[in-house]
Structure formats: C-alpha cells, structure tokens
Amino acid sequence: MIAKFSLTGKICFWILVLMYAAAIFANFICPYHYDDEDRDYSYCPPTAVEFKDHDRWVHPFVYGRRLTFNEVHRRVYVKDFTQKYELHLFKMGRLLSVDAPGRFYLWGADARGRDLFSRIWYGARISLSIGIFGVLISFILGLIIGGIAGYYGGWIDQVLMRICEMFMMIPGFYLMLALRAVVPENFNSLEVYASVVVILALIGWASLARIIRGMALSVRERDYVLAAKTFGVPDIVIIVKHVLPQTISYSLASLMLTVSSYILAEAGLSVVGLGIQDPIPSWGNLLSDAMQIVPVIFAPWILLPGLFIFIAVVCFNVVGDSIRDVLDPTFNESSTNL
Amino acid sequence: MNELLTIKDLTVAVGEKLLVNQASFEVSQGKIVAIAGGSGSGKTTIGLSILNLLPAALRIARGQIIFEGQDLLRLNSQELRERRGARIGMVFQEPLSAFDPLFTIGQQIDEVLAAHTSMTKQERYQQTLEVLSQVELPDPKRAFQSYPHQLSGGMRQRAMIAQAIACSPSLIIADEPTSNLDVTLQVKINAIFKVLKTKNISTLLITHDLGMINQLADEVVILRQGNVVEKGSASQVIATPIDPYTRQLVEAFQ
Amino acid sequence: MKSRDEKSCLSRLLLKNILQRLFSTLLLLVTVSFFTFWLMRATPGNFFDSLRLNPQISQATVDHYEKLYHLKDPLLVQYGHWIINILHGEWGYSLYYNVPVTHVLGSRLWNTFILSFASLVLTWGIGIPLGILGALYRNKWCDRLLSILSFAAFSTPGFFLAVLVLYAASRWGGLPLGGMHSPNYDDMNLFDKIKDTLLHLIIPATVLSLSSMASLQRIMRGNMLGVLRQQYILAARAKGLPENIVIYRHALRNAFNPLVTLLGYEFAALLSGAALIEIVCSWPGLGSLLLTAVRSKDVFLVMSSTLLASVLLIIGNWLADILLTWVDPRIRYDRKI
C-alpha cells in the first residue's frame, strides 16, 4: 500500500519510520542518558564541533564551556580554549560521546544541564508510543461497541450511541484533566504512563466507535451478510469474519489521524505537568520549561521538542490522508497533493 | 434558409481523442429533431457544446454553431449568457440533481426570469405560475412553494420543463428527459413536448429511446462514436435505415 | 401565500423536531452529570477529610457540607441530592480558593466565553472566505500556499504556537504578553476597558482559531469543489445566471450547509483548545481554573468546571442542531431524529 502513496505520503511515512527507529535506538544514538545532569552547564547552547586546531585538520573535538558575563552584563557561555575533548565514535555503546568532564550538547542543554538531544530521543519513546497504545485501546473499544451497535441496531444501538455521545459531549481537555484527578498521587512512572494511555483512550474511543458503527450499519445490509444469516451462522462469527474486516481497512485512515491527536493530547497534558513526570522525558514535559518567556529568550533551543511534535503530527496526518486516498479515491480532494 | 439552429462540422476533443467528429445538422423552427445513439456516442456533448458548457477538459476544435443567425462559438461570455435560459432552454436528465435542493421550485424559476427580463416581482410570479400550469402540474401554487425533494419524479421533470420555457425561448435542448421515468409518465412528458411544438418552440431531443423518437421527432440524427452516420426524416429513417448501425438500433427497438 | 392549514402543519413539525432534540439534550445532560458525579466519588481520599484537616475551615462549615451531601446514603441518592443542590446554585466548596465554587466559576465562565466567541468569529469569518478562495483558484499558487499553511496550522500544537507567538511578541513588541487586563484596568473608562481587553484577546484568540480556521478552510474548499461539480450548478449556468449568483447563491449555500453540523463538534474542540491556550497565555478562564483545581486536588472545583464545560457544550450542540434544521429544508420537513 505504501508504494501507492503520493510522494509526500511516502516521505512522511519514512520520516516516521526514522523517528521510531531513533526512539528505539535512543540509547545508542544519544550521547547521554536522559537523566544525566551537569548543573555547571545549565542552559548551555549547542556545542560546536571543531574540526581545525590552529588551522590544522585534526580529529573532531569540542571545547569546554565557561559561564561568564558579556559587555551588557548578560550571562553567556564562551568557549574555554584550554579544555579540549575529543569526540569519540562508538565508545561505551554510544554513537558519539566525549570524556567527562567535557560535555557534548548537540542541541543545547536544559535548566539542569541535561542534553536536549538525548532527552528528545528518549522522550520520543514515550511520546510516540503513548499515541499508539492509546489508539490501540480506543480502537478495540470502538470496534466492540461500534460493531455491536451497528450490527444489531435497535435499542442496543440507541443506548450505546447515547453513551458515545456522552463521552463526546465532555470537552476532551476537561475530561482528560478530570480523569487525571482521579489517578492516585503515589503512582510510579510506569503506572502514570499506563494511566495516561488509558485516559487518552477514553477521550477518543467515542468518535472511532461512531465511525465503525456507521460502517457496520452499511455492511450488515450487504448480501453476503444476509446469506450468512440464512445459513444459520451465529452472529458473533458474522461480526468477526465479515463485518469487522471491512471496517478495519477504512478505519486505518481515522486511526492515523487519532494517533496524531493523541500525541498532541499527551503533549498538552504533560506540558502542564499532569502527564509523564520528570525525570522521564516526553516531548510534552520537555516543553513545560519553554512555557515561560524568560528561559525561551535565553535558551531558544528548548522549543525544539515542539518542532518534533509538529513533525510527527504532520506526518501522521499526511499518512492518514494518503491511506484514505489509496482506499477511497473518490473522497473530497486530498489536500496533500502538493 | 430559415433554420433556427445550424451545426456545421462540429468537432469536440478531449486531449487527442475526438468525442464528436465533424457533426453537421439543422433544426428548423417549430420542429423536433432527435439526436440518437448509444452511450458514448457524443450526443450529450453536442447538447452541452451548443450552450458552451463543456467540462474544462474538453475543447471545441472546430466547427460552427449558428443560432438565430449568430455563431455561438464566436460570442463572448456576456452575449452567451443572454441567450442561455432566455433563447435556449435546457432540460436535464435527472431533475432531482438539476435543481438546487435548498431553494424552492418557484424561487429557481423566478431566478431565470429575473436574470433575463425586467419584469416586476409580481409579474414574475404570475409568469411562473403560468408556465407551471402549462406543463400541467396539478397545483401550480403548491409546486411553486415546494422544494425539489418534495415533488415526485414526474412533477419534477415537468417543473424543469417549465423552468426551461419560462422566458419563451425558441429552442429547448432536452437531454434524456424521460430516461428516469416510468412509462406512464413518459407519455405525459411526450405530450408536453408536442404542445411546445404547437407554440413554435423547437426541441433538440437527445435520447437513445427510439420509441420516443418514433412518437415525437420530426427528424433524427444518428450518432455513432461521434460521427453522424445518418440523418433525415424520423419516420423514414426508422422504416428504412440505410446505415448498418442505424439498422442495428432499429432492429433492437422492434 | 401558504394556507393556514399548511402553516400550522409545518410549524407543528418544526416544533416536534425541536422538542425531540430538547429531550435528548436533557437526557445527555443527566448522563454527563451522573458520570461527572461518579468520577468525583471515585477520587481517592475522602474530600471531607482534607476539609476537616484544614484549620481555616470551621467545623460548622464541614458539618454543613456533610449534611448537604448525604455522604452516608447510597450513591444514587447522593447523586440526586447533588443535582438538586446544583439546581439551587449550591455547587460545592473550593478548597483552594476557600470560597464556594460558584464565586469562582462565574467570572471565569464569562472570560472563557469571550475567548471562545472571538475565536469562533475569527475561525468562521476567515476560514470560510479562504475556503471559497481555495476552491475558486484551485491549484493556483494561492491555493497551494493556503493548503500548506492550513496543514501546518492544524498540525501545530496550540500551546506551542502560543509560546512561539508570545516569544515573537516579546521580541517585536506591540501586544501584551498574556493575562486579560493591564495593571491599571480598574482605572480606565469603559471604552478603554474594552480596548484593553480586546488587545489582550488578540494573541490567545488568534492562536486558538488558527487550527480550526485551517481545518475549516480545508473542508470548505473540499465542499465547494464538490458542489461545483454538481448538476445543479451546470443547470444554473445553463439558465444563463450571472456567474456570481451561481457561485455565491447556489454553490456557497450548498457548500456551507453541511458545515453547520460541524459547528457542534467545533464547540468541543474550541472549549478543549481554549483551556490549554488559556493556561499558556494566562487568560483567566474556565480552563486555567480547572488546571489549578486539578493541581491542588480541589475536587468540587474540578468536577464543577467539568460539568459546566459539558453543559456549555451540550447546549451549544443543541443550538447548532436547531440551526441546521432551520437552514436545510430537507431536514426541516422530513427528517425524524
């Protein structure tokens, strides 16, 4: 199916693959663990890699950094030419690193001197996976409830749809926060992760269920379903064998779009401090530093996680659109034919 | 030559493919001329070409369409618009999709009058009721206030004909006007076209229904894959077809 | 022109429609309130324990609330009392603000309303025309540009965009950086007060509407293109109607109508999105209230805000539904619920 995507669709798909690969191999590609602090280097700007020493080509290295004041009495980091640290390749299981006490910040450091590059890719593990798991649960819930409602119709349909509507009538963010308030305070990080997954799943299952219900409603009138019924095939078998497979391929596009909205939702939750907690990074809670103007002016690189959220969301949306174009080319003009 | 409409060498292409190839025929005042052929023969294309309403991908490569002494293909859009609806009316195959679902029948007929005449609102209302009764709608006032989906198929088609004749045009182009109707309604619509003829309104009837042609048309033009293969008086062509394709059509109809 | 019989028949149908919708709306309200209530009771820790431990609250107040909420009674009974209390204006007590919840909700609600309303106006006021533009100039450079911008806009997290805009504003000046009023608000005359609020409204409202504007533009463009392919547009041109009547009377109305159904869902996204933007821009609305409440485990406030937001949404949807019925004759006269 991917071969049939438009060019933008293919590009976005491979960007996503790359991002997931980077997340999975984070402990290889990142110079530091996400928790690795060095308060001397708080908000240190990205360290430049030097290739020349006194105009001679040498093995790449970085200079140390020193905190000092510039002419207008602002705090800046300047290169400390007395300290040179060689850039190592493949040392200690990491792609790039430097020996302590040198620090190598590809994309700058946060308030506690932790490497932003590393935190972003470790954070990718959380941000990119939470959306997937959330969607999985939403989808299963939606399949069950939507499938049953659409297939049986009648009062079952009415009741289930009312329940769906109820969930859709509580604004997502409010529902998220309200559910979060119910989560006990003493959960460890894994339990918090699981709770966030469940919360995300609960805010989005209802619209998926409605879509699936609509599809189930149309499928059940098809001839092969009626034929199966006349042969006495039990309902549940019909649902699983005939109704659901049809709905899955068309749900795929909606699923992609739901993943992107979950990524945004998790980011929103974490950015206000109610999602994944420090020190475990997620793109959302990395951005919580950036919610104050002052650090942003001083260290604009802390906005980078937002860029990655944006890229991930765009890619999921484009892939979702592309899937829909492949499966249903008659749909409204695709806006991704750029 | 007092031909109302003369088509000369009309050629319509999409890309390199020819949909209509050097078609030529005439429609005289007060006559019903049918364009017959299977699907894909180019008949609807000819109809749309007259009003210059072809989809963007199609282009008129050559030819002349002379209506009331003027070549329509040489007119600018303003002049063309003055003729559409006013001098030439069009009746579409599927009246439910040819009417705007959000406006009443009355409003849509009133529009045509407002665009082409300087009648007052009251006069337009009277004229609309007048044409609605001319097409033998049982309750013109009710039809006026109805939305398209509230009328039955037959009433809708009659309303569309009413809309087409509202400004007393000299030519009606009817594209498969009865294909979607059952036989009893077809008879009624046929009767309306006959009435139009008595008012000296010519009709260009686009259809694949030889039965209708037999009953209504004075002349017929047989189209096959964009080419005119035969034309002449309807009764003659049907009785003694010359071209093998025409013979096929006639035999299928018998 | 309509006969008396017809008129009364039509208005009876319309009335029946409205009543049916009203009934399902009420049903929805009950369900949502019950769910919120159940959620509240599910919060670990007895709310009243914390009340009792708080030295600033007198025993009398605690007793008063305990009696009011019938904690010893079965769940359904408690729910019943809660609803009755709500209807009487008794929404509970806020731990954090140390006042009854109603004192806090009122002004916050109004602020959120202003923000949401401004955003709605921007979204529809700009999104629709841009959508028409995109359709009429399809695939020309301005359509492609709009397409890319739209896509980017609704893929950007709202709060992130807010931060970027605030950052830009702090660099280039001109607009206030958050909050709703300037420090000297209370000294201003009415006209200046309005101006001040509007100035503060610009950044949050714009950021909030950006993503819905973008998606609305996409949808409007798609609808417009779909409508322009319809037979009745061809028929309208065949009637010799001037092009601008074809586009702005026939195409536009048909393209626009289905969007009214979106209005309901729009409210949901609006209230949700507004919450986060409020927080980032320090706009004192319902959303930022909710955040404070959750952080401080202020249960009554959390649930009241959630309930209030849901009620707003439900009412908004109901109004949107009625609007749709009014605007589409096919639904008005023929559709059952």
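Letters A, B, ... are given to chains in the order of the sequence lines, protein chains preceding strands, and every chain is numbered from 1. Below, each value reflects all heavy atoms present in this structure, side chains not excepted, and no hydrogens, waters or symmetry copies.
- Under 4.0 Å is where a charged nitrogen must lie from a carboxylate oxygen, and between Asp143(C) and Arg138(C) no such pair does.
- In this structure, chain C has heavy atoms under 4.5 Å from both the backbone and the side chain of Leu53(B).
- The shortest distance between side-chain heavy atoms of Ile201(B) and Ile172(B) falls below 4.5 Å.
- In this structure Phe35(C) satisfies the ring-ring contact (aromatic ring centres under 6.0 Å, His included) test together with Phe167(A), sequence neighbours excluded.
- Applying the ring-ring contact (aromatic ring centres under 6.0 Å, His included) test to residues at least two apart or on different chains, the pairs with a partner in residues 64-121 of chain B are Phe103(B)-His250(C).
- Distance alone, capped at 3.5 Å, is enough to place a donor-acceptor pair between the Thr120(B) side chain and the Glu123(B) backbone.
- Glu68(B) and Arg87(B) are joined by a salt bridge, as a carboxylate oxygen and a charged side-chain nitrogen come within less than 4.0 angstrom of each other.
- Counted by atom type alone, Gln107(B) and Glu111(B) present zero donor-acceptor pairs between their side chains at under 3.5 Å.
- Only the side chain of Leu48(B) comes within less than 4.5 Å of a heavy atom in chain C; its backbone stays farther off.
- Of the listed residues Ala115(B), Ala98(B), Ala86(B), the one with more heavy-atom pairs under 4.5 angstrom with chain C than any other is Ala98(B).
- Scanning all heavy atoms of the two residues, the minimum distance from Ala166(B) to Ile109(B) falls at CB-CG2, 3.9 Å.
- Using modelled atom types, no side-chain atom of Ser211(C) and backbone atom of Ala153(C) make a donor-acceptor pair closer than 3.5 Å.
- Only the side chain of Gln163(B) comes within contact range of chain C, with at least one heavy atom under 4.5 Å from a heavy atom of that chain.
- Residues of residues 232-248 of chain C lying within less than 4.5 angstrom of chain B, judged on heavy atoms, are Tyr232(C), Leu234(C), Ala235(C), Arg237(C), Ala238(C), Lys239(C), Gly240(C), Leu241(C), Pro242(C), Glu243(C), Ile245(C) in numerical order.
- For residues 122-132 of chain C, a heavy-atom distance under 4.5 Å to chain B picks out no residue at all.
- A donor-acceptor contact closer than 3.5 angstrom links the side chains of Thr112(C) and Glu278(C).
- In this structure a side-chain-to-backbone donor-acceptor pair under 3.5 Å is missing from Arg156(B) to Pro95(B).
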